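Below is one structure, written out as structure tokens; the observations come after it.
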Amino acid sequence: MSDVQTWIKETVTSTPVVLFMKGTAQFPQCGFSGRAIQILKACGVDNVATVNVLDDAEVRQGIKDYSNWPTIPQLYVKGEFIGGTDIMNEMYESGELQTLLKNG
């Protein structure tokens with residue numbers, strides 16, 4: 001496992017809610033990342049840790065390899081890969097995401 005993969009694993013397992021995104025929670029750099037933050041806020045999550053993949057090309061590629069998922073953003077809850085914005089949106093609309101995050 002590379003250093004980046006080790007760092008990603010440590011990050012997602014040591015923090016309850018982690019969003020790998022383009023930009024920051026305050027200044028998302030793409031619409032999907034912005035939507036992901038909106039969904040988390042709507043679920044009442046204030047303590048989301050965000051990782052700006054635009055800051056580091058190794059992390060940007062590394063997270064895609066780690067999850068075997070081609071797109072950013074990516075949400076992790078308690079070390080488990082949940083999905084991107086589309087999946088977050090579906091889970092939010094069904095109430096599943098709120099339940100997952102409350103139990104987190």
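Since the structure is predicted, the reported quantities are computational estimates derived from the model, not experimental observations. Values reported hereafter were calculated over all heavy atoms of this structure, with side chains retained and with hydrogens, waters and symmetry mates removed. By convention here, the first residue in the shown sequence is residue 1.
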(message) Among residues at least two apart in sequence or on other chains, which ones pass ring pair (Phe, Tyr, Trp, His ring centres under 6.0 Å) with Y92?
(response) none

(message) side-chain contact (heavy atoms from CB on, under 4.5 Å) for Y76 and T11? Distances and angles first, verdict last.
(response) CA-CA 10 Å; Y76 289 80; T11 301; over 6 Å; no

(message) For E96, give me all partners under side chain to side chain contact (heavy atoms under 4.5 Å, CB included), at least two apart in sequence or on another chain.
(response) M91, S94

(request) Just jot down the side-chain hydrogen bond (donor to acceptor under 3.5 Å, both in side chains) partners of T15, sequence neighbours excluded, or say none. (result) none

(message) Taking G62's backbone N and O only, do any of them form a donor-acceptor pair with Q5's side chain (distance below 3.5 Å, no angle check)?
(response) yes

(message) So, applying side-chain contact (heavy atoms from CB on, under 4.5 Å) with L75, which one of I82, I87, L100 is it?
(response) I82

(request) Report the distance from atom CZ of F81 to atom CZ of F20, rounding to the nearest 0.5 Å. (result) 10.5 Å

For residues 46-55, which side-chain donor-acceptor pairs fall under 3.5 Å, sequence neighbours excluded?
residue : atom : partner : partner atom : Å
N52     : OD1  : G23     : N            : 2.9
N52     : OD1  : L54     : N            : 2.9

(request) Using the test side-chain hydrogen bond (donor to acceptor under 3.5 Å, both in side chains), find all partners of D56 that sit at least two apart in sequence or belong to another chain. (result) none

(request) Could you list all the ring-ring contact (aromatic ring centres under 6.0 Å, His included) pairs where at least one residue sits in residues 38-65, not counting sequence neighbours? (result) none

(message) List the residues meeting side-chain hydrogen bond (donor to acceptor under 3.5 Å, both in side chains) with Q61, not counting sequence neighbours, and say none if there are none.
(response) D65

(request) With the side chain counted from C-beta on, respond yes when K64 and I72 share a heavy-atom pair under 4.5 Å apart, and no when they do not. (result) yes

Return all side-chain donor-acceptor pairs below 3.5 angstrom for residues 30-41, not counting sequence neighbours, or 'none' if the list is empty.
residue : atom : partner : partner atom : Å
S33     : OG   : K22     : N            : 3.0
R35     : NE   : N89     : OD1          : 3.4
R35     : NH2  : N89     : OD1          : 2.6

(message) Please give me the minimum heavy-atom distance between C43 and Q98, naming the atom from each residue.
(response) SG-CG, 3.8 Å

(message) Measuring only between side-chain heavy atoms, which start at C-beta, is P16 closer than 4.5 Å to V77?
(response) no

(request) Mind checking side-chain hydrogen bond (donor to acceptor under 3.5 Å, both in side chains) for S67 and listing every partner two or more places apart, or none if nothing turns up? (result) Q74

(message) Could you measure the distance from the CG atom of L97 to the NZ atom of K102? Nearest 0.5 Å is fine.
(response) 10.0 Å

